[in-house]
Amino acid sequence: MSATEDLKTDHRAIERMLAVLEAAAQRLESGQRVRPGLFRDAVDFVRNFADRCHHGKEEENLFPRMEAAGVPRVGGPLGVMLLEHDRGREYVAAIAGAIDGYEGGDGSAVGIIAENARGYAALLRQHIAKEDNVLFPMADRVLSPDDQRELEQRFEEIETKVMGPGVHERYHRLLDDLERELGLASG
Ligand SMILES: [Fe+2]
Ligand SMILES: [Fe+2]
């Protein structure tokens, strides 16, 4: 699998979690209760699978190589992608910070979680579309075969050494479980 195909595969898993967050927000908005642990699980997934692993592949590996190959960071697509990663972290921090209050019956926490879950999902959906349709085709044009090979190796290392063996599989099982819990079709 090429480096950009690997990243696109991550995107498909992340989109499944975005659908979970949107479905959970929908329930909150219609006055239904959602298990607080579901949001804890979603935050854990987003922080580790999406941010640490996937955004690590992009920020520490793909983007610097694209920059070295002549794609500008400041005022260019890489700068926009980095800003959006940061904006995503803010939404997730807001969700994480409201879960205890939600669990304890604080009424204002419901709106904070729903709003930030919606905001995060909308941000990431358009971010992923830009990467899949614009940034990754650009990477495939500017990166050398050596760059591509080294990226594939590095991604493999991130999966096994940084994340740990079996961690990806565990997060895929979590997606299955949360989709089942919310009555979503498994993707
Ligand atoms: Fe990204
Ligand atoms: Fe991405």
Side-chain angles (χ1 to χ4, degrees), residues 1 3-29 34 37-64 66 71 73 76-99 102 109-139 151 155 158-159 162-163 167-168 170-179 181-182 184-187:
M1 194 190 308
T4 48
E5 280 165 6
D6 177 281
L7 294 170
K8 284 186 191 176
T9 303
D10 288 346
H11 284 171
R12 303 292 81 80
I14 293 167
E15 283 170 337
R16 288 173 64 192
M17 183 53 80
L18 301 181
V20 164
L21 280 169
E22 286 164 338
Q26 165 79 44
R27 287 201 179 184
L28 292 182
E29 287 156 359
V34 177
L38 182 142
F39 293 111
R40 290 205 175 88
D41 287 343
V43 165
D44 173 56
F45 177 96
V46 164
R47 284 190 166 155
N48 283 293
F49 186 98
D51 215 29
R52 192 154 148 255
C53 183
H54 178 77
H55 293 159
K57 289 175 184 173
E58 292 177 347
E59 293 186 359
E60 285 152 38
N61 297 278
L62 179 74
F63 296 176
M66 290 181 72
V71 177
R73 174 187 289 249
L78 298 178
V80 175
M81 295 301 111
L82 290 166
L83 272 177
E84 290 178 350
H85 289 178
D86 280 342
R87 186 74 194 99
R89 289 174 186 124
E90 290 168 17
Y91 281 120
V92 176
I95 297 169
I99 298 172
Y102 173 61
V110 176
I112 294 173
I113 292 177
E115 195 178 304
N116 285 282
R118 290 267 186 213
Y120 181 74
L123 173 82
L124 260 281
R125 282 192 189 284
Q126 62 84 27
H127 177 83
I128 284 172
K130 281 192 284 202
E131 288 183 338
D132 282 354
N133 300 319
V134 181
L135 198 82
F136 294 169
M138 189 187 289
L151 279 177
F155 288 179
I158 291 177
E159 304 260 343
V162 181
M163 297 300 288
V167 171
H168 249 247
R170 181 163 69 74
Y171 279 118
H172 275 272
R173 279 198 301 278
L174 176 65
L175 280 174
D176 291 338
D177 290 345
L178 296 186
E179 283 173 343
E181 181 173 350
L182 290 172
L184 300 171
S186 182

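Quick note: residue numbers are just sequence positions, from 1. These numbers come from the heavy atoms of this one structure, side chains and all, not from hydrogens, waters or symmetry mates. The structure presented is a predicted model; accordingly, all values stated were derived computationally and were not measured.
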Visitor: Partners of L82 by side chain to side chain contact (heavy atoms under 4.5 Å, CB included), sequence neighbours excluded?
Guide: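 For L82 the side chain to side chain contact (heavy atoms under 4.5 Å, CB included) partners, ignoring immediate neighbours, are E59, F63, R73.
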Visitor: Give the minimum heavy-atom separation between A98 and A109, together with the two atoms involved.
Guide: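 It is O-CB, 3.5 Å.
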Visitor: Is there a donor-acceptor pair closer than 3.5 Å between any side-chain N or O of Y102 and the backbone N or O of V34?
Guide: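 Yes, the answer is positive, given that a donor and an acceptor are paired below the 3.5 Å cut-off.
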Visitor: Is there side-chain contact between N61 and I158, with heavy atoms separated by less than 4.5 Å?
Guide: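 A side-chain contact under 4.5 Å exists here.
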Visitor: What is the distance from atom CG of D41 to atom CG of L175, rounded to the nearest 0.5 Å?
Guide: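 Rounded to the nearest 0.5 Å, the CG-CG separation comes out at 10.5 Å.
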Visitor: With a 4.0 Å cut-off on N to O distance, would you call R173 and D176 a salt bridge?
Guide: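 Looking at D176 together with R173, the answer is no, because their closest N to O distance does not fall below 4.0 Å.
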Visitor: With a 3.5 Å distance limit and no angle check, can you tell me whether N48 reaches the backbone of C53 through a side-chain donor-acceptor pair?
Guide: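 No, because the side chain of N48 does not come within donor-acceptor range (under 3.5 Å) of the backbone of C53.
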Visitor: Hey, could you give me the CG/CD1 distance between L38 and I113, rounded to the nearest 0.5 Å?
Guide: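 The distance works out to 10.0 Å.
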Visitor: So do the side chains of D10 and H168 get within less than 4.5 Å of each other, counting heavy atoms only?
Guide: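 Yes - at least one pair of side-chain heavy atoms lies under 4.5 Å apart.
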Visitor: Could you tell me which non-hydrogen atom of L182 sits nearest to which non-hydrogen atom of A24, and how far apart they are?
Guide: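 Heavy atoms only, the tightest pair is CD1-N, 4.1 Å.
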Visitor: Could you pull out the closest heavy-atom pair between V71 and P77, with the gap in Å?
Guide: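 Where V71 meets P77 most closely, the heavy atoms are CG1-CG, 4.1 Å.
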Visitor: Given side chains that start at C-beta, do those of E84 and L123 come closer than 4.5 Å, heavy atoms only?
Guide: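 When only atoms from C-beta onward are counted, L123 and E84 do touch, with a gap below 4.5 Å.
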Visitor: Identify the heavy atoms of I112 and A94 that sit nearest to each other, and give their distance.
Guide: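 Closest approach of I112 to A94: CG2-O, 3.9 Å.
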Visitor: Minimum heavy-atom separation for D51 to R47, with atom names?
Guide: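 Reported closest heavy-atom pair: CB-O, 3.3 Å.
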Visitor: Taking all non-hydrogen atoms of both residues into account, name the closest pair between A114 and L28 and its distance.
Guide: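 It is N-CD1, 4.1 Å.
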Visitor: Is the shortest heavy-atom distance from the side chain of R170 to the side chain of L174 under 4.5 Å?
Guide: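 Result no, sub-4.5 Å side-chain heavy-atom pair not found.
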Visitor: Taking salt bridge (charged side-chain N to carboxylate O under 4.0 Å, His left out) as the criterion, tell me which of R125, R16, R27 meets it with E22.
Guide: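 Of the listed options, the one satisfying the test is R125.
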Visitor: Name the one of Y120, F39, Y171 that satisfies ring pair (Phe, Tyr, Trp, His ring centres under 6.0 Å) with F45?
Guide: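 Of Y120, F39, Y171, ring pair (Phe, Tyr, Trp, His ring centres under 6.0 Å) with F45 is met by Y171 alone.
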Visitor: How long is the gap from CE on M1 to CZ on F155, to the nearest 0.5 Å?
Guide: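 Atom-to-atom, M1:CE and F155:CZ are 11.0 Å apart.
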Visitor: Could you go through the side chain to side chain donor-acceptor pair (under 3.5 Å) check for H55 and E60 one step at a time?
Guide: CA-CA 8 Å; H55 293 159; E60 285 152 38; over 6 Å; no
Visitor: For side-chain contact (heavy atoms from CB on, under 4.5 Å), just list the numbers for K130 and L135, CA-CA rounded to whole Å, side-chain angles, deciding distance to a tenth of an Å, and then say yes or no.
Guide: CA-CA 6 Å; K130 281 192 284 202; L135 198 82; over 6 Å; no
Visitor: Any ion pair linking E5 and K8 (charged N to carboxylate O, less than 4.0 Å)?
Guide: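 E5 and K8: not salt-bridged.
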Visitor: Nearest 0.5 angstrom please: L124 CG to E131 CD, how far?
Guide: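 Answer for the CG-CD pair, L124 versus E131, is 9.0 Å.
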Visitor: Can you list everything that forms a side-chain hydrogen bond (donor to acceptor under 3.5 Å, both in side chains) with R40? Sequence neighbours excluded, please.
Guide: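 D100, E103.
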Visitor: Hey, does R12 have a side-chain heavy atom less than 4.5 Å from the side chain of D132?
Guide: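 Yes. Closest side-chain heavy atoms under 4.5 Å.
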Visitor: With rounding to the nearest 0.5 Å, note down the distance linking CG in L184 to CG in L178.
Guide: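 Reported to 0.5 Å precision, the distance equals 9.5 Å.
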Visitor: Just jot down the ring-ring contact (aromatic ring centres under 6.0 Å, His included) partners of H11, sequence neighbours excluded, or say none.
Guide: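 With sequence neighbours excluded, H11 shows a ring-ring contact (aromatic ring centres under 6.0 Å, His included) to H54, F136, given in chain and number order.
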Visitor: Would you mind reporting whether M66 and M138 have side-chain heavy atoms less than 4.5 Å apart?
Guide: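 Yes, close enough: below the 4.5 Å cut-off.
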Visitor: With rounding to the nearest 0.5 Å, note down the distance linking CD1 in I95 to CZ in R118.
Guide: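 Between atom CD1 of I95 and atom CZ of R118 there are 11.5 Å.
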Visitor: Are R52 and F49 in a cation-pi setup, meaning NZ or CZ lies under 6.0 angstrom from the ring centre and within 45 degrees of the ring axis?
Guide: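 No, R52 does not lie over the aromatic ring of F49.
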